Amino acid sequence: MKRKEFRKLISVEKAREIINSLQVLPKQESLALENAHGKILAEDIVAEINVPPFARAIMDGYAVRAEDTYSCSETEPAKLKVLGNIPAGSDAKFTIAPGEAVEIATGAPIPEGADSVVMVEYSSEESGTVFIYRPVTIGENIMKTGSDIRKGERVLRAGRKLGTREIGVLASVGRSEVSVLKLKVGIISTGDELVRPGEKLALGQIYDANSYTLYAGVQECRAFPQIYGIVEDNETVMRKVLETAVSECSLLLTSGSTSSGAGDVIYRLIDEIGETLAHGINIKPGKPVVIGVIKDVPVIGLPGNPTSALIIFNEFVAPLLRKVLGAETELKKVERGIMGTGFRSEGRQQLLPVGLIRGRVYPADRGSGAITSLSGADGFIEIPSTTEFLEAGTPVEVTFFGEVEKPDLLIAGGFCPGLDLLEDLSELRFRTLYTGSSGGFSAIAANTADIAGVNMPSRDSRGQNGILYNIATIENMGLSGVVLVKGYRRKIGLLVSQNSSISGLWDLPGKRLINRNLGSGTRTLLDLKIAEFAAKKRISKKEFTDSIPGYTSGAKSEVAICEAVASGKAEVGVGIRSCAEKNHLKFIKFAEEEYDFLIRKEMLESPEVHRFLEILKSAEFASKLPEGLHVYERTGEIISFE
């Protein structure tokens with residue numbers, strides 16, 4: 001058989017370009033949750049319920065009205081009538097009136113009328129009366145509905161590896177099955193000299209190491225290897241195996257038979273039944289590598305030498321598999337970092353869940369019972385009982401929760417679907433804490449976030465139509481060493497049912513409103529717009545808002561607002577247009593607001609923030625923003641505060 005010489009060797013850069021352009025298409029399969037650990041998520045997971053789905057006690061004790069305890073003390077306890085008991089899992093119904101209480105277990109639903117829980121340690125019961133020795137505040141020892149995960153929130157992003165934390169999140173939102181990616185990779189070893197491990201070697205034979213080395217490497221990348229065995233150097237046999245493999249797999253790896261010797265046939269078969277894209281890389285040991293396609297399935301021929309095959313796999317193939325599956329390289333189990341913020345411990349030995357972002361460690365504990373204490377954490381640090389306070393800058397050692405994928409940016413502030421788009425287009429990993437605009441400003445002030453999404457309006461003549469966004473708040477807080485990057489505009493309005501008679505702010509008196517929480521920019525904007533309306537009509541703003549049932553309510557998310565309006569619990573809410581349309585509600589615009597990004601100045605030169613801002617100013621981002629959000633002439637403008 002005539003010897004065929006290598007084609008022109010290509011550079012390493014060109015080889016990477018060709019390999020990265022290969023269309024490797026994983027399939028999807030649905031797995032029971034208990035079988036999904038370690039797999040790659042194929043879909044965004046959006047919570048269909050609130051977690052918890054009801055307000056629940058986080059301590060054993062007594063559900064009470066907080067005001068009934070305000071004047072109590074150890075010497076003069078409050079005396080409350082005990083109506084009964086609510087164990088965890090109970091559907092018992094109680095309504096608490098002044099002077100009454102219900103004994104309650106951890107995890108049990110809070111009865112109507114109660115707004116706090118007194119820990120059992122600060123009480124005693126006798127003959128149907130409970131004595132309370134310590135006052136509580138409203139909301140104390142209660143986890144509110146949706147305080148952990150809100151209905152409509154994207155809790156996991158497609159491409160996420162499902163570890164123990166992610167499985168817990170999936171279970172907490174009620175998923176019993178999940179769609180995962182299955183990338184099947186065929187493995188063929190060629191050569192008459194090869195023998196399966198365990199068999200007896202004859203003269204001139206060697207054991208097949210490549211099948212098993214590549215099998216393990218493919219598994220490490222979270223793909224599914226399929227070994228097709230050892231194929232002799234026979235064109236007819238090899239053709240049949242190749243055709244079978246490409247009909248069953250998304251990618252095929254071969255080892256051996258890629259040189260130009262008379263007995264090496266892989267490269268010739270690729271030429272005959274497919275297309276050769278490259279033969280030979282200008283790198284030692286890459287000269288025998290073949291890159292081709294057979295029936296739309298990429299085929300990569302690796303050297304027969306086991307060491308060479310593994311080197312080429314790690315350098316070129318493994319990154320392709322990880323890219324296709326959205327996986328990242330293996331991380332260490334333990335890593336050192338420094339505290340990015342101070343943390344006061346409980347005065348006892350503590351294992352604190354933390355997030356680790358670019359060497360800075362942040363507490364991720366949201367409180368007892370919150371699954372996102374884990375989903376927002378990369379691992380934990382151990383705090384000894386002798387340490388009462390960890391100062392910012394303190395070196396710590398993080399023990400990882402298995403293999404973790406660390407986020408690139410920590411973002412706090414107000415919720416916006418535009419953030420999901422920025423994350424998707426930038427291909428960065430965000431860890432997002434929806435704290436509201438006020439919480440975003442505080443996070444930047446405390447140096448506990450990289451970026452804050454803020455939309456806080458103020459009455460100020462410097463702003464358009466007398467409303468200035470975010471600048472006055474920065475000035476009032478005395479923030480320095482920060483920049484405000486102008487983001488995009490959002491249409492804000494009333495959200496009502498399709499058959500509602502409400503047509504504007506003037507129709508709000510007498511209508512049940514669900515408002516946003518204090519500290520949110522949306523609520524502040526509604527206040528300003530109602531003040532404008534009241535001044536124009538020469539009426540009292542207070543009298544006007546007092547005439548709106550629910551004006552003092554405070555939903556923490558627009559999803560909660562949409563749900564309340566759609567279910568009829570409220571007649572009107574306030575939010576952005578895209579949320580209304582997603583929930584099939586009518587949208588009545590009353591303003592356009594500015595959603596900006598507050599960033600500490602030293603972060604501007606980081607590659608992550610640079611990429612974030614690059615996408616923010618891109619045409620693709622502008623074209624893909626949801627309805628009701630749009631860029632404008634100031635998008636990307638940077639305002640510095642010294």
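Any value given below was found using the heavy atoms of this structure, including those in side chains, with hydrogens, waters and symmetry copies removed. Please read these numbers as outputs of a predicted model, since none were measured by experiment.
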query: Any side-chain heavy-atom pair from Pro52 and Ser147 closer than 4.5 angstrom?
result: yes

task: Examine distances only and state if a side-chain atom of Glu100 and a backbone atom of Ala97 form a donor-acceptor pair shorter than 3.5 Å.
output: yes

message: Looking only at the side chains, is there a donor atom on one of Thr75 and Ser73 sitting less than 3.5 Å from an acceptor on the other?
response: yes

query: Within a reach of under 6.0 Å around NZ of Lys589, are more than 12 heavy atoms found that belong to other residues, nucleotides or ligands?
result: yes

query: Could you state the interatomic distance from CG (Asp408) to CZ (Phe430), rounded to the nearest 0.5 Å?
result: 8.5 Å

task: Mind listing the closest non-hydrogen atom pair of Leu33 and Arg175 along with its distance?
output: CD2-O, 3.2 Å

task: Determine, stepwise, if the pair Tyr595 / Asn470 fulfils side-chain hydrogen bond (donor to acceptor under 3.5 Å, both in side chains).
output: CA-CA 9 Å; Tyr595 187 89; Asn470 302 312; over 6 Å; no

query: Is there a side-chain contact between Glu153 and Ser557, using heavy atoms and a 4.5 Å cut-off?
result: no

field: Under 3.5 Å donor-acceptor, Glu335 side chain and Val398 backbone
entry: no

- prompt: Going by an N to O cut-off under 4.0 Å, is there a salt bridge joining Asp450 and Arg358?
  reply: yes

- request: Go through the side-chain N and O atoms of Asp527 and Tyr551 and say whether any donor and acceptor fall under 3.5 Å apart.
  value: yes

- request: Could you tell me whether a side-chain N or O of Arg360 sits under 3.5 Å from a main-chain N or O of Ile338, the two making a donor and an acceptor?
  value: no

- request: Run the numbers on Ser500 and Val572 for side-chain contact (heavy atoms from CB on, under 4.5 Å), then give the verdict.
  value: CA-CA 9 Å; Ser500 173; Val572 57; over 6 Å; no

message: More than 12 heavy atoms of other residues, nucleotides or ligands under 6.0 Å from CD of Glu48: yes or no?
response: no

query: Please walk me through it: do Leu525 and Ile467 pass side-chain contact (heavy atoms from CB on, under 4.5 Å)?
result: CA-CA 9 Å; Leu525 181 59; Ile467 295 180; 4.2 Å; yes

task: Classify the ring geometry between Tyr133 and Phe131 as parallel (under 30°), tilted (30 to 60°) or perpendicular (over 60°).
output: parallel

message: So Phe441 and Val454, do their side chains get closer than 4.5 Å, heavy atoms only?
response: yes

query: How would you list, by chain and number, every residue that makes a ring-ring contact (aromatic ring centres under 6.0 Å, His included) with Tyr469, sequence neighbours excluded?
result: none

message: If we ignore hydrogens and angles and just use 3.5 Å, is the side chain of Glu592 paired with the main-chain N or O of Arg490 as donor and acceptor?
response: no

message: Please give me the minimum heavy-atom distance between Ile561 and Gly573, naming the atom from each residue.
response: CG2-CA, 3.7 Å

message: Just by distance, no angles: are the side chains of Asn499 and Ser497 close enough, under 3.5 Å, to form a donor-acceptor pair?
response: yes

task: Would you give the length of the straight line joining atom CD of Glu140 to atom CG of Asp115, rounded to the nearest 0.5 angstrom?
output: 10.5 Å

field: Heavy-atom pair of closest approach, residues Leu598 and Ile444
entry: O-CD1, 3.5 Å

message: With ring pair (Phe, Tyr, Trp, His ring centres under 6.0 Å) as the rule and sequence neighbours excluded, what pairs involving residues 507-548 come up?
response: Phe533-Phe544

query: Between Asp44 and Arg157, is there a donor-acceptor pair closer than 3.5 Å when you use the side chain of the first and the backbone of the second?
result: no

- request: Give, for atom CG of Asn517 and atom OG1 of Thr522, the distance between the pair rounded to the nearest 0.5 Å.
  value: 9.0 Å

From CD1 (Ile548) to CG (Asp507), nearest 0.5 Å: 10.5 Å

- prompt: Does the pair Glu388/Arg344 count as a salt bridge with the N-to-O cut at 4.0 Å?
  reply: no

field: Crowding at CD, Gln498 (>12 non-hydrogen neighbours, <6.0 Å)
entry: yes

- prompt: Quick one: does Arg150's side chain have a donor or acceptor within less than 3.5 Å of a partner on Ala47's backbone?
  reply: no

task: Could you tell me which non-hydrogen atom of Leu479 sits nearest to which non-hydrogen atom of Ala445, and how far apart they are?
output: CD2-CB, 3.5 Å

- prompt: Do the charged groups of Lys582 and Glu558 touch, with an N to O distance under 4.0 Å?
  reply: no

message: For a 4.5 angstrom cut-off between non-hydrogen side-chain atoms, does Pro111 reach Ile86?
response: yes

Residues Tyr122 and Glu74: side-chain donor-acceptor under 3.5 angstrom: no

message: Are the side chains of Val565 and Asn583 in contact, using a 4.5 Å heavy-atom criterion?
response: no

message: Tell me whether Lys541 is salt-bridged to Glu532, with the criterion being a basic N under 4.0 Å from an acidic carboxylate O.
response: no

- prompt: How far does CD1 of Ile49 sit from CD1 of Ile149, to the nearest 0.5 angstrom?
  reply: 8.0 Å

Note, Ser116 side chain near Ile110 side chain (heavy atom, < 4.5 Å): no

- request: Step by step, work out the salt bridge (charged side-chain N to carboxylate O under 4.0 Å, His left out) result for Glu423 and Arg431.
  value: CA-CA 10 Å; Glu423 182 178 20; Arg431 181 163 291 155; over 6 Å; no

- prompt: Given Ile142, which of Ile104, Val136, Val117 fulfils the side chain to side chain contact (heavy atoms under 4.5 Å, CB included) condition?
  reply: Val117

task: Without swapping roles, check the side chain of Asp60 against the backbone of Thr106 for a donor-acceptor pair under 3.5 Å.
output: yes

- prompt: Roughly how far apart are Leu162 CG and Leu41 CG, rounded to 0.5 Å?
  reply: 5.0 Å

message: Donor-acceptor pair, distance only, cut-off 3.5 Å: does the side chain of Thr129 make one with the backbone of Glu125?
response: no

task: Using modelled atom types only, decide if a donor and an acceptor are shared between the side chain of Glu594 and the backbone of Asn455 within a distance under 3.5 Å.
output: no

field: For Lys529 against Ala591, the heavy-atom pair lying closest together
entry: CE-CB, 3.6 Å

task: Go through Ile357 and Leu409 one step at a time and tell me if the side-chain contact (heavy atoms from CB on, under 4.5 Å) criterion holds.
output: CA-CA 7 Å; Ile357 303 178; Leu409 290 172; over 6 Å; no

field: Least distance between heavy atoms, Ile514 atom then Ala564 atom
entry: CD1-CB, 3.6 Å

task: Give a yes or no on whether a salt bridge exists between Glu571 and Arg512, defined as a side-chain N under 4.0 angstrom from a carboxylate O.
output: yes

- prompt: Phe415 versus Val559: any side-chain heavy-atom pair under 4.5 Å?
  reply: no

query: Hey, are the side chains of Lys491 and Ile576 touching, using non-hydrogen atoms and a 4.5 Å cut-off?
result: no

- request: Mark yes or no for whether Ser438, through its side chain, and Gly519, through its backbone, hold a donor-acceptor pair below 3.5 Å.
  value: yes

message: Closer than 4.0 angstrom, basic N to acidic O: yes or no for Lys151 and Glu563?
response: yes

task: Tell me, with the steps shown, if Leu390 and Thr394 meet side-chain contact (heavy atoms from CB on, under 4.5 Å).
output: CA-CA 7 Å; Leu390 284 174; Thr394 303; 3.9 Å; yes

